[in-house]
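First the structure, in the form of structure tokens, and then the observations on it.
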There are 2 protein chains.
Amino acid sequence: MAKPKKTPRPKAETPKGFRDYFGAEVTQRAEMLHKIAQVYHRYGFDALESSGVETVQALGKFLPDVDRPNEGVFAWQEDAEADKPGDWLALRYDLTAPLARVYAQHRNDLPTPYRRYAMGPVWRNEKPGPGRFRQFYQCDADTVGAPSVAADAEICAMLADCLEEVGIDRGDYIVRVNNRKVLNGVMEVAGVLDPANPDNFAHERGIVLRAIDKLDRLGLDGVRALLGAGRKDDSGDFTDGAGLTDTQADVVMGFMQAKRDTGAETVARLRELVAGSETGAQGVDELETIADLMAAGGYSSDRVEIDPSVVRGLGYYTGPVFEAELTFEIKDDKGRVRNFGSVAGGGRYDDLVKRFTGQEVPATGVSIGVDRLLAALQAKGRMSAQAEGPVVVTVMDKARMADYQAMVAELRQAGIRAEVYLGNPKNFGNQLKYADRRASPVAVIAGGDEFDKGMIQIKDLILGAKIAESATLEEWKDRPSQYEVARGDLVAKVREILELNR
Amino acid sequence: MAKPKKTPRPKAETPKGFRDYFGAEVTQRAEMLHKIAQVYHRYGFDALESSGVETVQALGKFLPDVDRPNEGVFAWQEDAEADKPGDWLALRYDLTAPLARVYAQHRNDLPTPYRRYAMGPVWRNEKPGPGRFRQFYQCDADTVGAPSVAADAEICAMLADCLEEVGIDRGDYIVRVNNRKVLNGVMEVAGVLDPANPDNFAHERGIVLRAIDKLDRLGLDGVRALLGAGRKDDSGDFTDGAGLTDTQADVVMGFMQAKRDTGAETVARLRELVAGSETGAQGVDELETIADLMAAGGYSSDRVEIDPSVVRGLGYYTGPVFEAELTFEIKDDKGRVRNFGSVAGGGRYDDLVKRFTGQEVPATGVSIGVDRLLAALQAKGRMSAQAEGPVVVTVMDKARMADYQAMVAELRQAGIRAEVYLGNPKNFGNQLKYADRRASPVAVIAGGDEFDKGMIQIKDLILGAKIAESATLEEWKDRPSQYEVARGDLVAKVREILELNR
């Protein structure tokens, strides 16, 4: 028999593409989700929390007939039971697929329309990259079973409210609205969509959809090339175009550039472009209705506007499409000034539960990118990355631990974040280093002398750090950073310092 | 070639052992976690959020050399890359194993001691049962790197504060504290632990530990039998005992029954029992120190008490062990009165990161069972299972949608949960049924007549339901449940009704 090998020590590492979040990273996200949940709730949306694990068959899109159905998802097969092969399970990759499953499963017990919000982690089995992780948060709200465009309008208003609630000022964001039906009308006019034979020209329409979806990256010229003969990229590779004539391509290009100064003018321009198409006219009507409903709710065009250049997701959605963009400028990693860009998106999709029930159920919803929003607030200086540290009660005399605990209990009961130093108290310098590492605003110090006198020392660590930084400044002279106060004044003095430093 | 089979419709089902949570179930848990997080934070604990996925090797306990390491966990193997076999990944089964990994990985960047809290779902690949799910929440706080018993005392105080913060009254709970070292002392005295040869009697000690861990289920007599020759259960099966003599067994039994009226008397009784054992004396000293620190912090024995009958987890922990029990009675499923029982537990364990680093790092912590706490608050009637429904603005005239949206926007801006009915408005009865299903407190009704007059109808649905229930009562006569008010008084009137019904 082989000698048993000694087991090597396991590596203390997160799996590739995963990360840990510490302190303020966690609490700031939790606060943001809480604020957004409050807005969703005020709009009548109910919370839903499904589990992270779904059957692969319910998630869909991933084929159970390949050996291992893990295209983009983390999946595994349950153990077989009594000769029955185990089910394939997977981690959810978004919150919409679980909503479809939940709605199909519980539809008899749910109100119609069903407004729900959901927030939580989702997982993608993709190659991780810088800033791209395999677990991240989504924060969605959807209305299921409401065909009315008023449901879309409501989502736009709610999105604007959410952004303001989390600290994005009015004027620093815009919710832009477009409509897939208008694009369909445009494609009819351009001759690549025949309402009588919807399967015709499917290939050309695919190229058109992919082309306009790349507007951000390729610019108008690049999209124009793909609508016509095709496009050679910088590397020399050639991508086949849709083969539209100039006249046809002009209609599509006109769509993306249809935005005018006012909503009414934009709507008028779109009407010109889709003249003769029933679907197109319906799409323009919907945009007009959304604009009217927004105005009625007090949401003017500085918050929500019609903008046909919103093309992302037009291939996926079936009606109105919305996107929230932050309009202020930030500096990127290389110091270049650029717009912050998109932080949320959504739209109407009408086949939510068809896979399960065969029935078409209309749905519309939005997904807010909380991690991008947090980054935006940090870039604007609205959110410090540093959490407020605790008051640290240092330990000068181990035998007096009960007295230190009593101090810290008093502070906590007064609602002040506080702790006793629980490491080895021998080296007092280590205690102050610890307080520094915790970003403590205040240290409390009491040894034998102080206990005898009924006094304690309270050190303002923030002021102390400032004095240390600029020791030559005259103005600090008269501001001591350490105070001796009566034991009974502990809470009052600490509170005074915390408020001064706020 | 075989004809492609038609894919059957997928089943809309949660995987076995998983469930969905709706509305108040989600928000009440979120509120409870938020309140507990605030207490943890006030005590100086920092948030930590690790991902749901860990490597199997970091999680430990599960052997990577079996074909599929999924004993109790959900695990899968990553795809191979460049001839290197893929890593085995798994969903975390608790929050302690990830803490060990995080601390070992980041220890140079973390303060010492490191106080952290974590809350989130964990997954167990176990046979589901009634009320037992394969995904559930944990809510932990741990202090790593603090050998001082003051760290344990702090956890006990924090646990008491958490319970009161979420709505358990003082007197309705007790935090009970025991110590593994006292049990070790008892085992020395009983002759089944030899400090000079700690490997001796390991088999007997195992039986003793398992026996006392079953105190709740077997009672004192059952445990006594297992300490001696063995025990025959109701089915006739025989379990071998530890073979202790009566004198030896009496010492162990005395330990579990050592609780006296006051902490001081209990401590004195424990000192008698462990006389001659160094470890035992140390354990008793620790319990005495915890009692002193509790008293100094204002936590008297009606909140935290020394109780040697706390035996759960004594096999796992290495020093102080704590358990929070709710002391009020509830009726179980069969109508029997019983104590609600344990809602939290924890203790000291000193080998947190040893697997990774070889170093012993002391740690102590607590885990609060949020789902059991929620059930307790519901049993006490402190928490309604029904969320507050939205005000529903009904739709009498589809063409006036902008007016309805304006109403609902006003209500929401006033902080009132409200929505427009977004289903098909044709059948007005359906709209009121919808309002009923949503538990709406108020319906707003306005048709052509009302718009012409500048008036709206406001219906108090809660009062309306009461009137419908007890229509004969004279007292309702003068209380109409529907009011006609001026359009401008919408928010004021709705608020008045909401406050009356609160």
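Just so it is clear: chains get the letters A, B, ... in the order the sequence lines come, proteins before strands, and each one is counted from 1.
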Subject >> Part of A402(B) within contact of chain A (heavy atom distance under 4.5 Å) >> reply: both
**OP:** Using a cut-off of under 4.5 Å on heavy-atom pairs, state which of A296(B), P98(B), A37(B) scores highest against chain A.
**Re:** A296(B)
Original post:
Under a 4.5 Å heavy-atom cut-off, does chain B meet the side chain of Y421(A), its backbone, both or neither?
Top reply: side chain
Subject >> Part of P390(B) within contact of chain A (heavy atom distance under 4.5 Å) >> reply: side chain
Subject >> Between A47(B), S50(B), A409(B), the one whose heavy-atom pairs under 4.5 Å with chain A are most numerous >> reply: A47(B)
**OP:** Output the option from F22(A), F133(A), Y404(A) having the highest count of non-hydrogen pairs under 4.5 Å with chain B.
**Re:** F22(A)
**OP:** Heavy-atom pairs under 4.5 Å with chain B are the metric here; pick the option from A295(A), G358(A), A30(A) that has the most.
**Re:** G358(A)
Subject >> Top of R134(B), R19(B), Q38(B), M294(B) for chain A proximity - count of heavy-atom pairs under 4.5 angstrom >> reply: R134(B)
Subject >> Under 4.5 Å from a heavy atom of chain A, the part of F45(B) involved >> reply: backbone
Subject >> Interatomic distance, K398(A) atom NZ to S148(B) atom OG [nearest 0.5 angstrom] >> reply: 6.5 Å
Original post:
Of the non-hydrogen atoms in T14(A) and R101(B), which two are nearest, and what is the gap between them?
Top reply: CG2-NH1, 3.2 Å
**OP:** Just give me the residue among K433(A), R412(A), M401(A) that pairs up with chain B most often, heavy atom to heavy atom, under 4.5 Å.
**Re:** R412(A)
**OP:** Of all the heavy-atom pairs spanning E13(B) and A58(A), show the shortest one and how long it is.
**Re:** O-CB, 4.4 Å
Subject >> Largest heavy-atom contact set with chain B, pairs under 4.5 Å, which of T143(A), L91(A), V391(A), L422(A) >> reply: L422(A)
Original post:
Just checking heavy atoms, which of residues 149-158 of chain B are less than 4.5 Å from chain A?
Top reply: A150(B), A151(B), E154(B)
**OP:** Please report the shortest heavy-atom distance between V26(B) and L48(A), naming the atom on each side.
**Re:** CG2-C, 4.1 Å
**OP:** Go through the structure and list residues passing side chain to side chain donor-acceptor pair (under 3.5 Å) with H106(B), not counting sequence neighbours.
**Re:** D20(A)
Subject >> Pair R29(B) + E49(A): basic N to acidic O under 4.0 Å >> reply: yes
**OP:** Select, from Q405(A), K11(A), E54(A), the one with the greatest count of heavy-atom pairs under 4.5 Å involving chain B.
**Re:** K11(A)
**OP:** Heavy-atom pairs under 4.5 Å with chain B are the metric here; pick the option from V420(A), N424(A), V408(A) that has the most.
**Re:** V420(A)
Subject >> Leading residue by heavy atom contact count with chain A [cutoff under 4.5 Å; candidates D403(B), V353(B), L293(B)] >> reply: L293(B)
Subject >> Neighbourhood of chain B inside residues 112-122 of chain A, taking heavy atoms under 4.5 Å as contact >> reply: T112(A), P113(A), Y114(A), R115(A), Y117(A)
**OP:** Report yes if the side chains of T357(A) and R9(B) come closer than 4.5 Å at any heavy-atom pair, otherwise no.
**Re:** no
Subject >> Straight-line distance of K16(B) NZ to D87(A) CG, nearest 0.5 Å >> reply: 5.5 Å
**OP:** Report the option among L33(B), D292(B), V102(B), V53(B) that has the most heavy-atom pairs separated by less than 4.5 Å from atoms of chain A.
**Re:** V53(B)
Original post:
With only heavy atoms counted, which part of A406(A) is less than 4.5 Å from chain B, the side chain, the backbone, both or neither?
Top reply: both
Original post:
Measuring heavy-atom distances to chain A, does L89(B) have an atom under 4.5 Å in its side chain, in its backbone, in both, or in neither?
Top reply: side chain
Subject >> R42(A) versus I416(B), closest heavy-atom pair with distance >> reply: CG-O, 3.7 Å
Original post:
Which pair of non-hydrogen atoms, one from Q413(B) and one from G297(A), has the smallest distance, and what is that distance?
Top reply: NE2-O, 3.9 Å
Subject >> Minimum heavy-atom distance P15(B)-T55(A), with the two atoms named >> reply: CG-N, 3.6 Å
**OP:** Spell out, as yes or no, whether a donor-acceptor pair under 3.5 Å connects the side chain of R438(B) to the backbone of G44(A).
**Re:** yes
Subject >> Residue, of G423(B), P111(B), A104(B), A146(B), that accumulates the most heavy atom pairs under 4.5 Å with chain A >> reply: P111(B)
**OP:** With a 4.5 angstrom heavy-atom cut-off, could you sort out which part of F356(B) is near chain A: side chain, backbone, both or neither?
**Re:** both
Original post:
Sequence neighbours excluded, which residues qualify as side chain to side chain contact (heavy atoms under 4.5 Å, CB included) partners of D161(B)?
Top reply: V39(B), Y43(B), Y299(B), R303(B)
Subject >> Pairwise distance CG(L110(B)) to CZ(R437(A)) - rounded to 0.5 angstrom >> reply: 7.5 Å
Subject >> Minimum side-chain heavy-atom gap W76(B)-Q77(A) below 4.5 Å >> reply: no
